[in-house]
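Convention: sequence-line order gives letters A, B, ...; per-chain numbering from 1. Both backbone and side-chain heavy atoms feed into the values below; hydrogens, waters and symmetry mates do not. These numbers come from a predicted model, not from an experiment.
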2 protein chains.
Amino acid sequence: MGVERVAFSMKDQPVPTDCCSCPIRDRAVCALCDGEELSKLDAIKSYKTYAPGQEIVGAGEPWPYVASVVTGVVKLSKTLSDGRRQMVGLLFASDFLGRAANRPDTCDAIAATETTLCRFRREPFEALMKKTPHLEQRLLQITQDELDAARAQMLLLGRKTAKERVASFLLTLLRRSAPAAFTGQARIATIPLSRDDISDYLGLTIETVSRRMTELKKEGLIELVDARTFRVLDLQALEDAAQENYSE
Amino acid sequence: MGVERVAFSMKDQPVPTDCCSCPIRDRAVCALCDGEELSKLDAIKSYKTYAPGQEIVGAGEPWPYVASVVTGVVKLSKTLSDGRRQMVGLLFASDFLGRAANRPDTCDAIAATETTLCRFRREPFEALMKKTPHLEQRLLQITQDELDAARAQMLLLGRKTAKERVASFLLTLLRRSAPAAFTGQARIATIPLSRDDISDYLGLTIETVSRRMTELKKEGLIELVDARTFRVLDLQALEDAAQENYSE
DNA sequence: CTATAGTGTTGACTTAAGTCAATTATGCCG
DNA sequence: CGGCATAATTGACTTAAGTCAACACTATAG
């Protein structure tokens with residue numbers, strides 16, 4: 001019931017967030033901006049909240065914005081003409097959505113959970129970027145981080161087994177959606193995606209995701225509190241299962 | 001013999017290229033720079049040529065440079081602890097190598113063919129970037145293009161069949177290493193990678209690459225002049241086979 | 001307290017790609 | 001020119017993941 005109430009209020013109010021109290025102020029595209037720069041951004045921004053499953057922008061469609069994810073999770077996916085889908089990005093709070101250049105993005109962006117974006121109108125944003133090195137510097141960092149993540153995912157998609165992919169995915173969630181839990185004792189996180197979405201993300205089928213998840217559970221590496229919540233029982237073993245020991 | 005002579009001279013001379021006659025002047029990281037900016041870059045640059053198979057920088061190693069590829073092809077790959085390898089990037093002339101931020105790259109970079117880099121010392125390059133918006137703007141564009149390419153490759157690795165991957169790869173070569181051939185009648189290109197490298201790139205095995213290549217040949221879509229050279233006989237059919245009809 | 005629809009899990013079987021092994025080019029160097 | 005090493009192809013068989021189908025949760029509505 002508490003959850004319902006929060007969801008309700010987020011959906012109906014236009015999110016009265018100002019930059020000072022913004023939860024992503026220190027990591028978003030505006031992270032390096034000073035007060036003056038921030039007020040220029042403020043003039044071209046608007047918040048918008050999307051329901052789970054709601055399309056933010058379709059592949060190839062023009063979109064007159066770029067945006068930061070304030071809360072929620074956004075899926076970026078590509079689709080082949082016969083319907084095969086592959087998620088090519090998963091955006092969490094502070095991640096950036098939309099190309100600065102006017103080239104249309106060939107992915108569609110869909111809200112996975114209820115999501116609030118801080119949108120900037122594209123044209124003035126691009127103009128502002130030319131005059132504001134802080135903005136461009138930060139966007140470059142963010143884009144390079146995205147590229148690193150994309151390359152890690154290429155290794156996963158090209159070479160990891162189904163079990164390794166599922167284990168890697170759970171570790172990603174722990175790191176990205178519950179950073180505190182990763183080092184702390186809790187090691188519990190919610191899964192913001194359906195099994196269908198997870199299979200799109202991992203290049204697998206629903207059935208295989210389900211089977212390998214059950215396997216990790218039976219082996220005692222994780223516990224499934226419910227279908228959308230997991231707890232890590234043996235972090236070291238999960239990292240081993242994911243082939244994410246960077247200890248060569 | 002002509003080829004040998006050229007290779008010889010490239011290997012032994014320090015490549016007396018100046019920016020004015022540089023073949024990648026209009027597309028590399030320096031593309032937007034004016035004469036003054038170019039001369040500042042000139043002060044911190046050096047050319048270096050690598051032999052095929054030579055390591056440029058290993059995963060995790062520090063490298064005091066960033067660089068543009070002037071000629072040749074560079075492989076970026078990741079390796080799991082048990083030896084499984086996945087190529088996560090293939091750099092052609094004008095592509096950029098190295099992160100501007102000091103974060104160590106977790107890929108190794110290896111010259112696929114004889115390759116000449118235009119290297120900039122990292123520290124002064126970064127300092128220069130802060131004072132030269134042109135440089136940062138262009139690097140952002142390049143990084144975004146890399147990200148687009150990485151995402152297209154994620155679709156390939158996650159969802160395409162072996163045959164589709166091979167067809168896509170040949171089309172990529174046609175576009176990137178012989179742009180003229182793509183629109184013109186020639187439609188012939190050399191494959192700058194061994195079968196082993198191709199399988200690393202496509203997330204397949206050598207044997208599967210070989211079999212699907214033979215299949216495309218038997219179906220009359222391509223002709224293999226030799227193992228490293230192919231000609232496209234039916235471009236439309238090859239694009240269909242690659243699932244690269246963007247004609248929704 | 002059932003129905004019902006959606007989501008997730010499990011089982012039986014198929015298949016595309018991987019593995020292992022043999023064979024055939026392709027160079028390369030004396 | 002011929003033998004040797006490497007690279008590429010082809011063949012026979014195995015396996016991990018996909019497919020199709022049944023079943024089991026969960027949650028909301030009547």
Side-chain angles (χ1 to χ4, degrees), chain A residues 1 3-4 7 52-53 80 82-86 112-113 156-170 190-218 222-230 241 243, chain B residues 1 3-4 7-8 51-53 80 82-86 112-113 156-170 190-218 222-230 241 243:
Chain A
M1 295 208 180
V3 174
E4 261 173 45
L80 292 172
D82 60 3
R84 280 174 285 172
R85 283 176 78 80
Q86 177 62 50
T113 64
L156 180 149
L157 293 170
R159 294 301 178 193
K160 287 191 179 178
T161 65
K163 186 178 178 183
E164 289 164 352
R165 294 183 202 200
V166 172
S168 296
F169 170 66
L170 296 179
T190 63
I191 304 173
L193 302 179
S194 67
R195 294 293 187 273
D196 206 6
D197 287 339
I198 300 173
S199 63
D200 276 358
Y201 185 60
L202 298 178
L204 299 169
T205 57
I206 297 182
E207 294 93 328
T208 299
V209 170
S210 184
R211 279 188 250 268
R212 299 290 80 85
M213 204 92 106
T214 304
E215 191 181 352
L216 292 173
K217 192 178 67 181
K218 282 186 179 160
I222 61 166
E223 178 194 342
L224 279 176
V225 179
D226 63 66
R228 293 289 196 113
T229 315
F230 71 99
Q243 291 278 349
Chain B
M1 295 216 178
V3 174
E4 261 174 48
F8 184 81
L80 291 172
D82 60 3
R84 280 174 287 170
R85 283 176 78 80
Q86 177 62 50
T113 63
L156 180 149
L157 293 171
R159 294 300 178 194
K160 286 190 179 179
T161 65
K163 187 179 178 183
E164 289 164 353
R165 296 183 200 199
V166 172
S168 297
F169 169 67
L170 296 179
T190 63
I191 303 172
L193 302 179
S194 66
R195 293 293 187 271
D196 207 5
D197 287 338
I198 299 172
S199 63
D200 277 356
Y201 185 61
L202 298 178
L204 299 169
T205 56
I206 297 183
E207 294 94 328
T208 298
V209 169
S210 184
R211 279 188 251 267
R212 301 287 83 82
M213 204 92 106
T214 305
E215 192 181 351
L216 292 172
K217 191 177 69 182
K218 282 187 179 158
I222 60 165
E223 178 194 341
L224 279 176
V225 179
D226 62 67
R228 294 288 197 115
T229 315
F230 71 99
Q243 290 278 349

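Across the protein-nucleic acid pair, A:Asp226 atom CG and D:dT26 atom P stand 8 Å apart, rounded to whole Å. Counting to the nearest Å, the C1' atom of C:dA25 and the CE atom of B:Met213 are 15 Å from each other. One can place CZ of B:Arg228 at 14 Å from C1' of C:dA25, the figure rounded to the nearest angstrom.
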* Before giving the answer on salt bridge (charged side-chain N to carboxylate O under 4.0 Å, His left out), spell out for A:Asp82 and A:Arg84 the whole-Å C-alpha distance, their side-chain angles and the decisive distance to 0.1 Å. => CA-CA 6 Å; A:Asp82 60 3; A:Arg84 280 174 285 172; 3.0 Å; yes
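Taking every heavy atom of residues 190-198 of chain A and every atom of DNA chain D, no pair lies under 4.0 Å.
Salt-bridge annotation for B:Lys163 and B:Glu215: present, with a side-chain N of the basic residue lying under 4.0 Å from a carboxylate O of the acidic one. One finds no salt bridge joining A:Arg212 and A:Glu207 here, because no Lys/Arg side-chain nitrogen approaches an Asp/Glu carboxylate oxygen to under 4.0 Å.
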* Asked: In the 5'-to-3' direction, what one-character label does each nucleotide of nucleotides 10-21 of chain D receive under the scheme B = base within less than 4.0 Å of a protein heavy atom, S = sugar-phosphate only, - = no such atom?
  -> BBB----SSBB-
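Across A:Pro192 and A:Ala112, no two heavy atoms sit closer than the pair O-CB, 3.9 Å. Of all heavy-atom pairs spanning A:Thr208 and A:Ala162, the tightest one is CG2-CB, 3.5 Å. Closest of all the heavy-atom pairs between B:Asp200 and A:Arg159 is CA-NH2, 3.6 Å. The minimum heavy-atom distance between B:Lys160 and B:Ser168, with the atom names listed, is NZ-OG, 3.0 Å.
Formation of a donor-acceptor pair under 3.5 Å by the B:Thr214 side chain with backbone atoms of B:Ser210 is found in this model.
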